[in-house]
Amino acid sequence: MDILLLLTVFVIAIFLGVELITKVPPTLHTPLMSGSNAISGITLVGALLSAGSGAGIWVNIFGFIAVVMATINVVGGYMVTNRMLAMFKRK
């Protein structure tokens, strides 16, 4: 694909993401965030496939970086969800 087209799609995605997140009420932000972080597990699977593909050294390096970032995202999402659910437990 043309680099200009990819850059245009990326910029539009940034503006769309910011616009959508600002429209979410604060009471729904945490459940929405924890749900989207759970979906991030799919990103982790893709990163693992990329890191182990053996398509070249750069693919392996970027795949490893993607695995680390996706793991941080998934673990952080579950930590936020656990903290959110702890607020509703009876004392």
Side-chain angles (χ1 to χ4, degrees):
M1 289 185 127
D2 186 32
I3 190 73
L4 186 61
L5 176 66
L6 292 174
L7 187 61
T8 304
V9 170
F10 182 67
V11 170
I12 290 172
I14 289 173
F15 284 122
L16 181 64
V18 168
E19 192 64 28
L20 287 173
I21 291 299
T22 57
K23 301 291 187 220
V24 174
T27 55
L28 292 178
H29 192 272
T30 304
L32 180 66
M33 187 180 68
S34 67
S36 65
N37 282 333
I39 294 171
S40 233
I42 297 169
T43 307
L44 183 58
V45 172
L48 285 169
L49 290 173
S50 175
S53 70
I57 188 70
W58 288 107
V59 174
N60 290 346
I61 290 171
F62 285 124
F64 175 75
I65 292 170
V67 168
V68 170
M69 300 286 233
T71 303
I72 290 170
N73 193 18
V74 169
V75 170
Y78 283 117
M79 289 175 65
V80 167
T81 302
N82 189 28
R83 188 172 181 188
M84 178 188 64
L85 292 175
M87 294 187 319
F88 296 106
K89 287 184 181 177
R90 293 184 181 170
K91 295 181 180 181

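Below, each value reflects all heavy atoms present in this structure, side chains not excepted, and no hydrogens, waters or symmetry copies. Just so it is clear, the model here is predicted, and its values are computed rather than measured.
Evaluation of the side chain to side chain donor-acceptor pair (under 3.5 Å) test over residues 5-23, restricted to residues two or more places apart or in two chains, returns Glu19-Lys23.
Shown here are the side chain to side chain contact (heavy atoms under 4.5 Å, CB included) partners of Ile57, two or more places apart in sequence or in another chain: Ile61. Residues that satisfy the side chain to side chain contact (heavy atoms under 4.5 Å, CB included) test with Ala86, not counting sequence neighbours, are absent from this structure. Partners of Ala70 according to the side chain to side chain contact (heavy atoms under 4.5 Å, CB included) rule, which considers only residues two or more places apart in sequence or in another chain, are Thr43, Leu44.
Counting Ile, Leu, Val, Met, Phe, Trp and Tyr side chains that sit under 4.5 Å apart, directly or through other members, Ile72 shares a hydrophobic cluster with Phe64, Val68. Val45 belongs to a hydrophobic cluster with Leu49, counting contacts under 4.5 Å between side-chain heavy atoms of Ile, Leu, Val, Met, Phe, Trp and Tyr, direct or through other members.
Residues Val11 and Phe15 meet the side-chain proximity criterion, which asks for heavy atoms closer than 4.5 Å.
Paired with Thr71 under the rule side-chain contact (heavy atoms from CB on, under 4.5 Å), one option of Asn73, Val75, Val74 passes, and it is Val75.
Linking Ile, Leu, Val, Met, Phe, Trp and Tyr residues whenever their side-chain heavy atoms come within less than 4.5 Å places Trp58 and Met69 in a single cluster.
Closest approach of Ala51 and Val67 over heavy atoms only: CB-CG2, 4.3 Å.
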